[in-house]
Amino acid sequence: MAYGKSIELFLVNGTADSLITVELSNWNGKALKIPRIEVSSCDRDDFMQPGVYFLFCKEDDGSDSVYIGEAENVKERLLQHLRDYQSEKEKYYWNTAVVFVGRDLNKAHIRYLENRFVEIARNSKRYLVLTKNTYSHTVLKESQIAVMDEFIDNVKVLINALGYKVLEPIPGKSEQEKSAAENPDKETIMLHLERSIKNVGKVEADGSQTSEGFVVFQGSQISLKDDNTIPAVIKERRKSAPIDENGVLQENMLFTSPSYAAMFVIGKSANGLTSWKTSEGKTLKSLENEE
């Protein structure tokens, strides 16, 4: 069973687009969200402590990327990033930094945290991870690892609350079923799409609505052909999607709407509200009408 959590959000300068501190009840760690333009002028003691940080970037094609790092003095390290960009040693441009500090963190701790966060972010496949090298063999005692893993769990909560799902994988079928079992009040409805397409054959896919949109599950059968009735953005996603030579989707994929998800699967224009159905044959449209 999931328990409620209390988060304290403090707008240091009175506005949401400036420095924000975030704290979780009964945890000695802290998050600081700071815009790039405020790094140089921020003289807070907690900004100069050992910690890990996430630098969030927006690529020219609209995709998201992140650099994850660690430092014994976070402010000085972020200033170095600014200097490296000015001297063209760094090619990426970040707008926002989210920093996590905590009482008694040392060099070994933050190296362990950086490596774990990079691993989790890469496995989540939400952001392009720009970090190239980490210390993957940091030696910690068993008790220290337990404390750091709890730190990681709390960071996941706070960074998600700030709107960055960099550490949260797109929920697949098994994850959603597990979540539903742990939270009986949270209804999860599995949906299915089946369509016979001329010169292609039958395609079948499974998916579900989430708080973010619509997920097409790994293992779904995707049409390898498409036409000009689908939006350009769906065409591009079909080209870059991990689909094998047999048309089988290799990972869960998130879409903004059921219709976009249906068009991705079929390769033709489709109405997601009528294309996706329950095992009893009810359409998504009828389910929403019942609600």
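Note that the structure is predicted; figures quoted are calculated from it, not measured.
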Between [X] and [Y] (salt bridge meaning N to carboxylate O under 4.0 Å), is one present in this structure?
X	Y	answer
K239	E236	yes
R116	E119	yes
K235	D226	yes
E70	K107	yes
E76	R83	yes

Just how far is it from atom [atom1] of [X] to atom [atom2] of [Y], taken to the nearest 0.5 Å?
X	Y	atom1	atom2	result
F47	N73	CZ	CG	8.5 Å
M253	I222	CE	CD1	8.5 Å
F255	R237	CZ	CZ	4.5 Å
K156	E168	NZ	CD	9.5 Å
M148	D153	CE	CG	11.5 Å
Y53	W94	OH	CH2	9.0 Å

Is there a path of hydrophobic side-chain contacts, each under 4.5 Å between heavy atoms of I, L, V, M, F, W or Y residues, that connects [X] with [Y]?
X	Y	result
Y135	L140	no
V147	I152	yes
Y112	W27	yes
V155	L78	no
V157	L9	yes

Give me the atom names and distance for the closest heavy-atom approach of [X] to [Y].
X	Y	result
I266	S223	O-CB, 3.2 Å
T138	A108	CG2-O, 3.3 Å
M263	P231	SD-CD, 3.7 Å
F151	G102	CE1-CA, 4.2 Å
L249	F217	CD2-O, 3.7 Å
T283	T274	CG2-O, 3.9 Å

Check: [Y] main-chain N/O paired with [X] side-chain donor or acceptor under 3.5 Å:
X	Y	result
H192	W276	no
N246	V248	no
T278	E280	yes

Enclosure of K165 NZ (heavy-atom neighbours >12, cutoff 6.0 Å):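 More than 12 heavy atoms, drawn from other residues, nucleotides or ligands, come within 6.0 Å of this atom.
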N133 atom CG, over 12 foreign heavy atoms within 6.0 Å: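 At most 12 heavy atoms, drawn from other residues, nucleotides or ligands, come within 6.0 Å of this atom.
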Hey, are the side chains of [X] and [Y] touching, using non-hydrogen atoms and a 4.5 Å cut-off?
X	Y	value
L113	F100	no
F117	T131	no
S220	V265	no
N13	E38	yes
L24	K5	yes

Stepwise side-chain hydrogen bond (donor to acceptor under 3.5 Å, both in side chains) check, D45 with Q49: CA-CA 7 Å; D45 290 340; Q49 293 178 0; over 6 Å; no
Near-ring test Y67/H81, centroid separation under 6.0 angstrom: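 Yes, the ring of H81 comes within the 6.0 Å limit of the ring of Y67, centre to centre.
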F54 and Y164 aromatic centres sub-6.0 Å: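 Ring centroids of F54 and Y164 are no less than 6.0 Å from each other.
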Pi-cation contact, Y85 with R36 (under 6.0 Å, within 45°):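 So R36 does make the cation-pi contact.
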For N95, all residues meeting side-chain contact (heavy atoms from CB on, under 4.5 Å), sequence neighbours excluded: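 Scan of N95 (side-chain contact (heavy atoms from CB on, under 4.5 Å), adjacent residues dropped) gives Y93.
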Contacts of S65 that satisfy side-chain contact (heavy atoms from CB on, under 4.5 Å) - sequence neighbours left out: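 Here the qualifying residues are C57, E59, L128, L130.
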Distance-only side-chain donor-acceptor flag, T210 / E212, under 3.5 Å: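 Distance-only check fails for T210 and E212.
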Q80 and D84 side chains, donor-acceptor separation under 3.5 Å: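 Looking only at side-chain atoms, Q80 and D84 do form a donor-acceptor pair, the distance falling under 3.5 Å.
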Side chain to side chain donor-acceptor pair (under 3.5 Å) against K30, all qualifying residues, sequence neighbours excluded: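 K30: side chain to side chain donor-acceptor pair (under 3.5 Å) contacts with D46.
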Qualifying residue for side-chain contact (heavy atoms from CB on, under 4.5 Å) with K75, from I34, D43, L32, V99: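 Only match with K75 under side-chain contact (heavy atoms from CB on, under 4.5 Å): D43.
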